[in-house]
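Take a look at the structure set out below.
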Amino acid sequence: MRHQCFYYRGQATSLAVCLTLALLFSFSSGWSAPQQEQDLIKPLQYRVSVALKLITVYVTDKKGNPVEDLTLEDFMATDNGQPVKLTAFEKHLLRTPVEKAAAAGEQAVQKAQAVAAQPATATPRKFFLFFDFAFNQAKGITEARKAALHFLDTEVQADDEVSVLSYSMLKGITFHEYLTRDHSQVRQVVDSIGSKDISGRAHEIELKYWLMAQEPAGTDIQQSAERNRETERQEAKRLAETYILRLTALAKALRYEPGQKHFILFSTGIPSSMIYGGQSGNPGGLGGRAKFDAGDRVLRTENEEMYKEFAAANCDIFAFDTRESALTTDLFAYDRMTFEDREAGRGMFSTGGIFQDATNVFQDEKTTGGNSLKRIADLTGGKYFSNIKMYGKNLDQVRAMTGNYYVLGYSIEESQDGSFHQVKVEVKRPGCQVRTQSGYFNPRPFRELTNLEKELHLFELALNERSFARLPVNFPLSYISFPATEGSGLKVMASIPGEVTSRFEGEKVEYVVLVFDAKNDIRELRRLETDPRHYRGKTVIFSSVVLLEPGEYTCRLVIRDLTSGSSAVSSIRASVPRPAKPGLKLGTPLILREGGGCAYLDGGGGSQSWPEMYHFDQKVYLPVVETISGQTKHLRVLVPFSQAEGSEQDVAMSVRLVEAATGQSVPVAASLAGTTRYSRGETAILEISLPQLKPGDYFLYVNGVDRIAQTQAYNQTVFSVHGD
């Protein structure tokens, strides 16, 4: 093995940290520093293009059992009334969990494990666990959390994508976790769901309103109390309207999320009488007074629109009523019915002799949200479950209803008109019942999307590791760690080629840096908005500093044209090492190559000394973020170093280049071109002469020895060579 040594004698200025970079992993399998998740993304496909439209279809027999033996030839489909040629076909059958197969013997267990280890399908099931804090009770939220955890532990399959969201009066709709296959992370989110966000008691106000409606007209004090209750009810209606409008906006935003979406909604629902009205009291009774309410026309129209939007967005809703006993008649109402109203003689007897009141609002659940939940479940193709305490049995039904399905595909020509296409699917085999989406919407121009739709678009890019419509355009991402004396953290660097920047059509482009910790929680988010017209078609070097504690992280950069929606995303795994022992410290080497003509964007962050540590002439050199040619003859490397403040040092450095695939050292020649000072130390400028390199990945090690203090340090970085 050969390595080159050179020496530097000087005065140290402060302590630093010896940082050892971990291997740079990509999200794909295998190790490859530059092969991160580097794809130009346009998930919404705004330009007119031919695309494959996928339709999820559920087929059952007359008894409701899944039909599992159909083929592509058994299906027929129309798009806006026109027959389409089905060209893609997938069959998905519910898998038996590994733990259930254990009882069948070791062979069954191994088979189940092999199935579970298969790669994810192109069309996974998508579940949205939706906690409604506005129309709920603390006890209901507790039961809902138990049900959701049971669902994650026993019903969810490995390929399923799960999202967690909630609604509260103060915060509106909150996405706690977007669609992901990381079910352990989802479980942590659900486990932290509490009842602190519960606000509003519309059902209680509605109950009191109709109870008092049966009371006879009384004193001025009673009439004043009734007016107050009416005021409270109007306020509850306004809260209900806000709820309906926000959920409608959510449904519209989910139009563009491909495939069928299964909502598991935990709620008590909006009181039906608040929207559709009702009647109570008996005109011939003791009070001689009846109350009739025709409902609220505005709420009724908006509520029906919400139902339609969820159905059109391919969202089936499985509504879990979180009342302790959802179908039990209110005891107070029953007492009034059997005593006072019976004496009035205005009731009706059934054939079984049981007294009933034809006008009592509590008989048909009008003051509760049961009817609202039933209706949204029916109109979206889901199912209503009345008793949250029976979640085990009911969730088995959800699994059965969503676990056996077919995916059909046909080619379409998309345009940006936002129009709705009605889809109908039929099965040629007699006796089959088909449940599928009612249709789909063509995309709209990105600039016309609502804020919520743009937010979901960002979620899809930043959080969903399986975003659709990726194109093979390289977008390399890298990082370097910096010393704890500078705050401890990472500098994320990206080289965005002109092939990407030339597609930015608008006047604003945003760069969003997200850093996830080992638990997949977002630890940091940075955003830079720029005018791309100054660098359109040029290579852009983007960097942003993020202060972090020692640990393992995932960094993701999302670049999005805020006019067209054209987007690019790249990810990389990074490591911030723990502080080294006292003595000589070497910072992460930064490799430079000759080149110019690039634009530089600074995403901010870090200390003032950071630019000084890695200062270079941007007109002459470029950071090596992307791969380099095997014909490259020279590299320049910047290595920050420091010793204890006030101590004298005599530093010798050596470099070694190792081919990652073979572990063999590659002979290189290195020399010290000079040093520069920064606030807490100095930076060595190394010149390295390279032989002709084979394509592949290479580790560059820099070792340092302080011969006076007898301390050592090393650091490393990695780069790749592409084939010419």
Chi angles and distances behind the side chain to side chain contact (heavy atoms under 4.5 Å, CB included) call for Met493, Leu590: CA-CA 11 Å; Met493 298 184 298; Leu590 174 62; 3.8 Å; yes
Nearest 0.5 Å please: distance from the [atom1] atom of [X] over to the [atom2] atom of [Y].
| X | Y | atom1 | atom2 | answer |
| --- | --- | --- | --- | --- |
| Ile572 | Leu557 | CD1 | CG | 11.5 Å |
| Lys126 | Thr180 | NZ | OG1 | 12.5 Å |
| Glu682 | Ser642 | CD | OG | 9.5 Å |
| Thr711 | Leu584 | OG1 | CG | 5.0 Å |
| Met653 | Leu672 | CE | CG | 8.0 Å |
| Tyr698 | Ile628 | OH | CD1 | 9.0 Å |

Contact summary for [X] and [Y], nearest pair of heavy atoms:
| X | Y | value |
| --- | --- | --- |
| Ile541 | Cys598 | CG1-CB, 4.3 Å |
| Leu528 | Asp602 | CD2-O, 3.7 Å |
| Arg187 | Leu152 | CA-CD1, 3.7 Å |
| Arg656 | Ser665 | NH1-OG, 3.6 Å |
| Ile688 | Ala670 | CG1-CB, 4.2 Å |
| Val625 | Ser495 | CG1-N, 3.8 Å |

So does [Y] get a backbone contact from the side chain of [X], meaning a donor-acceptor N/O pair under 3.5 Å?
| X | Y | answer |
| --- | --- | --- |
| Ser570 | Pro476 | no |
| Thr632 | His634 | no |
| Ser163 | Glu177 | yes |
| Arg526 | Val545 | yes |
| Ser481 | Ser575 | yes |
| Glu529 | Arg527 | no |
| His183 | Asp160 | yes |

Is there a side-chain contact between [X] and [Y] (heavy atoms, below 4.5 Å)?
| X | Y | result |
| --- | --- | --- |
| Leu657 | Leu693 | yes |
| Tyr511 | Ile496 | yes |
| Val655 | Tyr701 | no |
| Leu622 | Tyr600 | yes |
| Val546 | Tyr553 | no |
| Ile591 | Leu700 | yes |
| Phe127 | Phe151 | yes |
| Val509 | Leu562 | no |

For [X] and [Y], does a side-chain donor sit closer than 3.5 Å to a side-chain acceptor?
| X | Y | answer |
| --- | --- | --- |
| Ser567 | Arg560 | no |
| His92 | Glu90 | yes |
| Tyr535 | Thr530 | yes |
| His176 | Ser166 | yes |

Could you check whether [X] pairs with [Y] (Lys NZ or Arg NE/NH1/NH2 to Asp/Glu carboxylate O, under 4.0 Å)?
| X | Y | value |
| --- | --- | --- |
| Arg181 | Glu161 | no |
| Lys508 | Asp561 | no |
| Glu552 | Arg573 | no |

Residue among Leu638, Thr683, Leu592 satisfying side-chain contact (heavy atoms from CB on, under 4.5 Å) with Tyr614: Leu638
Aromatic ring proximity, centroids under 6.0 angstrom, Phe616 and Tyr621: no
Passing option when Thr402 is tested against Gln157, Arg125, Glu155 for side-chain hydrogen bond (donor to acceptor under 3.5 Å, both in side chains): Arg125
Tyr178 and Val162: CA distance, side-chain angles, deciding distance, side chain to side chain contact (heavy atoms under 4.5 Å, CB included) verdict: CA-CA 7 Å; Tyr178 198 60; Val162 185; over 6 Å; no
Steps toward salt bridge (charged side-chain N to carboxylate O under 4.0 Å, His left out) verdict (Lys694, Glu659): CA-CA 9 Å; Lys694 297 185 297 183; Glu659 186 178 5; 3.6 Å; yes
Pairing residues for Arg536 by the salt bridge (charged side-chain N to carboxylate O under 4.0 Å, His left out) criterion, not counting sequence neighbours: none
